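Everything numeric in this text was worked out from a predicted model, so none of it was measured. All residue numbers refer to positions in the sequence shown, counting from 1. In each ligand, atom 1 is the first atom listed, and ligand 1 is the first ligand listed.
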Amino acid sequence: MSYATIETEEKGGTGFIYFNREEHLNTVTVEMVDEIMKALSNMEENCKSIVIGGRKNFSAGADIMQFKDMNTMKAYEFHRKLNDLALYFREFKRPIISFLNGYVLGGGLELSLSTDIRVCSRDALLGQPEINLGINAGAGGNVILPDVIGRNRALYMILTGEKIPAVTAYDFGLVDIIAANPLDEAIRIATTINNKPENTVMLAKRAVNSTENKVKKDLDYEAALFGILFSEKDTQDRINNFIKRKGT
Ligand code: COA
């Protein structure tokens with residue numbers, strides 16, 4: 001099966017999903033969300049694990065071009081679309097390992113937060129820059145991030161919008177492993193998992209994610225707050241300035 005925004009491969013019991021919008025820093029579009037979900041669904045029965053990421057960049061976040069003229073309702077729906085993918089990752093039967101190269105920002109970081117193991121390159125930059133656009137994080141940046149790194153570090157990242165290097169992300173517990181070649185390391189981990197008892201692996205993931213109902217509810221609240229900010233003139237101005245800067 002071929003896709004417009006991703007490439008897929010199945011090898012050695014692992015399903016690979018490579019983001020294929022490198023010319024746009026793998027920014028996330030609705031089409032990309034749909035394609036990732038479709039690819040995962042095709043792999044769920046036959047692949048024992050999934051490796052997902054981008055060869056140069058993981059993702060610079062949601063594609064801001066999509067925010068042009070977005071109103072509150074459309075913003076809420078867009079956020080819920082990202083939520084669907086985050087929840088799909090979490091409810092997916094098989095473990096999902098993300099490999100993080102280059103920029104891992106905004107919606108990119110948020111989606112990686114819902115993968116099961118994060119392997120990060122030494123020169124990756126991670127951040128929640130949404131505040132610079134006058135919006136708040138989506139797909140768990142306010143919900144899952146504090147669970148992963150603690151409330152205060154999450155607020156530091158959310159409120160400053162600063163990009164942090166891999167080594168700081170590792171200190172924060174935001175990434176699990178730093179590797180010179182994160183794709184190779186992700187494959188090594190996937191292969192190790194593929195050799196473990198299959199049903200035990202699936203039930204271990206389910207057991208660890210047993211609080212999903214709360215996450216689902218909190219993500220919906222986050223989506224509503226995300227939508228509200230699109231009625232702010234300041235937010236609209238910031239988004240339009242970003243788009244104008246691109247000259248399109
Ligand atoms: N949405 C849409 N386009 C984006 C983007 C995004 N999230 N992030 C980067 N781009 C585009 C830039 O507009 C630029 O497009 P152009 O080549 O047509 O001019 C291209 O990607 C490269 O970005 P540029 O800013 O020139 O590269 P850089 O290396 O100096 O900076 C970033 C890269 C990612 C640090 C910077 O582009 C940035 O801060 N982007 C916004 C990230 C963000 O806010 N993400 C959350 C969105 S909710």
Side-chain angles (χ1 to χ4, degrees), residues 4-6 19-36 53-86 98 100-114 120-145 154-166 168-169 174 219 222-232 234-248:
T5 64
I6 56 172
F19 303 149
N20 195 19
R21 279 172 45 82
E22 285 286 0
E23 71 283 16
H24 301 292
L25 305 179
N26 287 331
T27 46
V28 181
T29 60
V30 169
E31 182 186 24
M32 190 167 164
V33 169
D34 286 337
E35 290 195 338
I36 295 170
R55 292 187 174 92
K56 289 193 201 141
N57 293 285
F58 188 75
S59 168
D63 184 343
I64 295 166
M65 300 309 287
Q66 298 180 119
F67 294 163
K68 191 170 165 38
D69 302 327
M70 214 176 230
N71 62 20
T72 291
M73 192 62 201
K74 287 208 170 110
Y76 174 65
E77 279 164 8
F78 176 79
H79 189 305
R80 283 183 53 117
K81 187 88 197 170
L82 288 188
N83 288 356
D84 287 347
L85 182 56
S98 50
L100 310 180
N101 284 314
Y103 290 120
V104 189
L105 303 177
L109 177 58
E110 289 142 23
L111 290 177
S112 83
L113 285 169
S114 284
C120 188
S121 120
R122 290 181 206 289
D123 53 13
L125 285 173
L126 301 90
Q128 298 282 175
E130 287 95 334
I131 194 149
N132 299 322
L133 290 171
I135 59 176
N136 59 16
N142 309 281
V143 173
I144 298 163
L145 182 68
L155 280 170
Y156 154 63
M157 292 187 69
I158 293 165
L159 298 180
T160 65
E162 285 177 8
K163 293 186 266 307
I164 61 171
T168 308
L174 182 55
L219 284 181
E222 184 186 65
L225 298 184
F226 183 82
I228 285 173
L229 281 167
F230 277 73
S231 64
E232 290 284 310
D234 181 51
T235 299
Q236 293 290 345
D237 287 348
R238 284 168 183 266
I239 289 170
N240 287 332
N241 282 341
F242 185 92
I243 293 172
K244 257 193 234 141
R245 189 173 62 85
K246 277 173 70 84
T248 39

Per-pair distances, 0.1 Å, donor-acceptor, side chain in residues 122-129, under 3.5 Å, sequence neighbours excluded:
residue : atom : partner : partner atom : Å
Asp123  : OD1  : Ser121  : OG           : 2.5
Gln128  : NE2  : Glu110  : OE2          : 2.7
Gln128  : NE2  : Glu130  : OE1          : 3.1
Gln128  : NE2  : Glu130  : OE2          : 3.4

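Look at Gly107 and you'll find every heavy atom at least 4.0 Å from all atoms of ligand 1.
If you look at Leu25 next to ligand 1, the close heavy atoms, those under 4.0 Å, all belong to the side chain. Within the 4.0 Å heavy-atom criterion, both parts of Asp63, backbone and side chain, lie near ligand 1.
Asn101 places a side-chain N or O within 3.5 Å of a backbone atom of Gly54 that can act as its donor or acceptor partner.
Which parts of ligand 1 touch Leu105 is read off a 4.0 Å heavy-atom cut-off, strictly below it: atoms 34 (C).
Here's the thing with Ala62: one of its N/O atoms is less than 3.5 angstrom from an N/O atom of ligand 1. Polar contact with ligand 1: present for Ala60 (N/O pair, distance under 3.5 Å). Checked against a 3.5 angstrom limit, the closest N/O atoms of Glu130 and ligand 1 fall outside it.
For Lys74, the side-chain contact (heavy atoms from CB on, under 4.5 Å) partners two or more places apart in sequence, or in a different chain, are Met70, Asn71.
Salt bridge annotation for Asp84-Arg80: absent, with no cationic side-chain nitrogen under 4.0 angstrom from a carboxylate oxygen.
Selection from His24, Arg245, Glu110 by nearest heavy atom to atom 25 (O) of ligand 1 gives Arg245.
Contact record, Gln66 with Val28: NE2-O, 3.2 Å, taken as the closest heavy-atom pair.
Considering Thr5, Thr27, Thr29, Asn26 as possible partners of Arg21, the one that fulfils the side chain to side chain donor-acceptor pair (under 3.5 Å) test is Thr27.
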